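Counting begins at 1 with the first residue of the sequence. In this text the structure is predicted, and so the values were computed from the model without any measurement. The basis for the numbers below is simple: all heavy atoms, side chains too, and nothing from hydrogens, waters or symmetry mates.
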Amino acid sequence: MNKNRPSWDEYFMHLVDEVAKRATCDRGKSGAIIVRDKRILCTGYVGSPPGLPHCDEVGHLLRKVIDEDGTVRQHCVRTIHAEQNAIAQAARYGIPLEGTTLYCTMEPCRVCAMLIISVGIKKVIAKRYYHAGEETRELFKKAGVELVVVEKTVQEYENQ
């Protein structure tokens, strides 16, 4: 066995890093790949919808979010998340996602988690934890979506 050859999960996680390099919002440069039977179906990265301005062109569109504990965070609403972009690409080209695996930079947010559940993705492999990922973990558990976090660290980015 070739010890230098990555496992399938390692291979797809390395590719997620490459996809993330296309991100147009530098706050949370993340990528996503959706796979079935070791074949890539679609990819997505953080960016504005087609035809709309990107953060790296016109700047961020930040909104304050207040957590239940009173913590104030900033969230850029100009872009859609990598997971949303990958799911949208599948929808655009008529690719069913039932029973697939999604690889991503960090745990999906609550909205992405609900989309993942709705389209039938059965497994999510994330590189790192998301600072607000508790709801995602609960939703996935209830829906039977397997979640694997590779690195036991929280994704950090500017103006979090």
* Could you tell me the separation between the CG atom of Leu139 and the CD1 atom of Ile117, rounded to the nearest 0.5 Å? => 5.0 Å

* Asked: If only atom types and distance count, is the side chain of Thr24 paired as donor or acceptor with the main-chain N or O of Asp56 below 3.5 Å?
  -> no

* Would you check if the side chain of Glu146 reaches a backbone N or O of Lys123 as a donor-acceptor pair within less than 3.5 Å? => no

* To do: State whether the side chain of Arg78 and the backbone N or O of Gly59 hold a donor-acceptor pair below 3.5 Å, judged by distance alone.
  => yes

* Structure fact -> Separation between OG1 (Thr100) and CD1 (Ile121), nearest 0.5 Å, reads 4.5 Å

* Asked: What distance separates Arg128 CZ from Lys152 NZ, expressed to the nearest 0.5 Å?
  -> 13.0 Å

* Asked: Please walk me through it: do Val124 and Phe140 pass side chain to side chain contact (heavy atoms under 4.5 Å, CB included)?
  -> CA-CA 9 Å; Val124 174; Phe140 283 170; 3.9 Å; yes

* Just by modelled atom types, is the Pro108 backbone N or O under 3.5 Å from a matching donor or acceptor in the Thr136 side chain? -> yes

* To do: Locate the shortest heavy-atom distance separating Val46 from Ser30; write the atom from each residue and the value.
  => CG2-OG, 3.0 Å

* Asked: Can you find a heavy atom in the side chain of Thr79 that is under 4.5 Å from one in the side chain of His60?
  -> no

* Asked: So does Lys21 pair up with Glu18, basic N to acidic O under 4.0 Å?
  -> yes

* Considering non-hydrogen atoms only, spot the tightest contact between Ala32 and Ala86 and give its length. => CB-CB, 4.3 Å

* Crowded around Lys64 NZ? As in, over 12 foreign heavy atoms under 6.0 Å? -> no

* **Rounded distance [0.5 Å steps], SG in Cys109 versus CG in Leu115** => 8.0 Å

* Asked: Which heavy atom of Thr105 sits nearest a heavy atom of Gly31, and at what distance?
  -> OG1-N, 2.9 Å

* Structure fact -> The reported gap from SG in Cys25 to OH in Tyr45 (rounded to nearest 0.5 angstrom) is 13.0 Å

* Structure fact -> Minimal heavy-atom distance between Val149 and Lys127, with the atoms involved, is CG1-O, 4.1 Å

* **Backbone of Pro96 reached by a side-chain donor or acceptor of Arg36 within 3.5 Å** => yes

* Asked: Does Ile80 share a hydrophobic cluster with Val19, counting links as ILVMFWY side-chain heavy atoms below 4.5 Å and allowing steps through other members?
  -> no

* **Cluster check Val35, Ile87: I/L/V/M/F/W/Y, side chain < 4.5 angstrom** => no

* How many angstroms lie between CG in Leu41 and CD1 in Ile95, if you round to the nearest 0.5 Å? -> 6.0 Å

* **Residue Arg137 excluded, over 12 heavy atoms near CZ under 6.0 Å** => yes

* To do: Start with the C-alpha distance between Gln84 and Val111, add both sets of side-chain angles, then the distance that settles side chain to side chain contact (heavy atoms under 4.5 Å, CB included), and finish with yes or no.
  => CA-CA 9 Å; Gln84 294 166 354; Val111 171; 3.7 Å; yes

* Any idea which heavy atoms bring Met13 and Tyr103 closest together, and the distance? -> SD-CD2, 3.6 Å

* Just say parallel, tilted or perpendicular for the rings of His75 and His81, cut-offs at 30° and 60°. => perpendicular

* Check: Gln74 main-chain N/O paired with Arg27 side-chain donor or acceptor under 3.5 Å -> yes

* Asked: If two hydrophobic side chains count as joined below 4.5 Å and joins carry through other members, does Val145 share a cluster with Leu97?
  -> yes

* Is Ile33 linked to Tyr11 within one hydrophobic cluster, defined over Ile, Leu, Val, Met, Phe, Trp and Tyr using a side-chain heavy-atom separation of less than 4.5 Å? -> yes

* salt bridge (Lys or Arg N to Asp or Glu O under 4.0 Å), paired with Arg110, selected from Glu83, Glu135, Glu138 -> Glu135

* Asked: Taking atom types as modelled, is there a side-chain donor on Asp69 or Thr71 under 3.5 Å from an acceptor on the other?
  -> yes

* Which heavy atom of Cys104 sits nearest a heavy atom of Val16, and at what distance? -> C-CG1, 3.8 Å

* Check whether Ile116 and Val148 end up in the same hydrophobic cluster, where Ile, Leu, Val, Met, Phe, Trp and Tyr are linked by side-chain heavy atoms less than 4.5 Å apart. => no

* Name the one of Met106, Glu107, Glu134 that satisfies side chain to side chain contact (heavy atoms under 4.5 Å, CB included) with Tyr129? -> Glu107

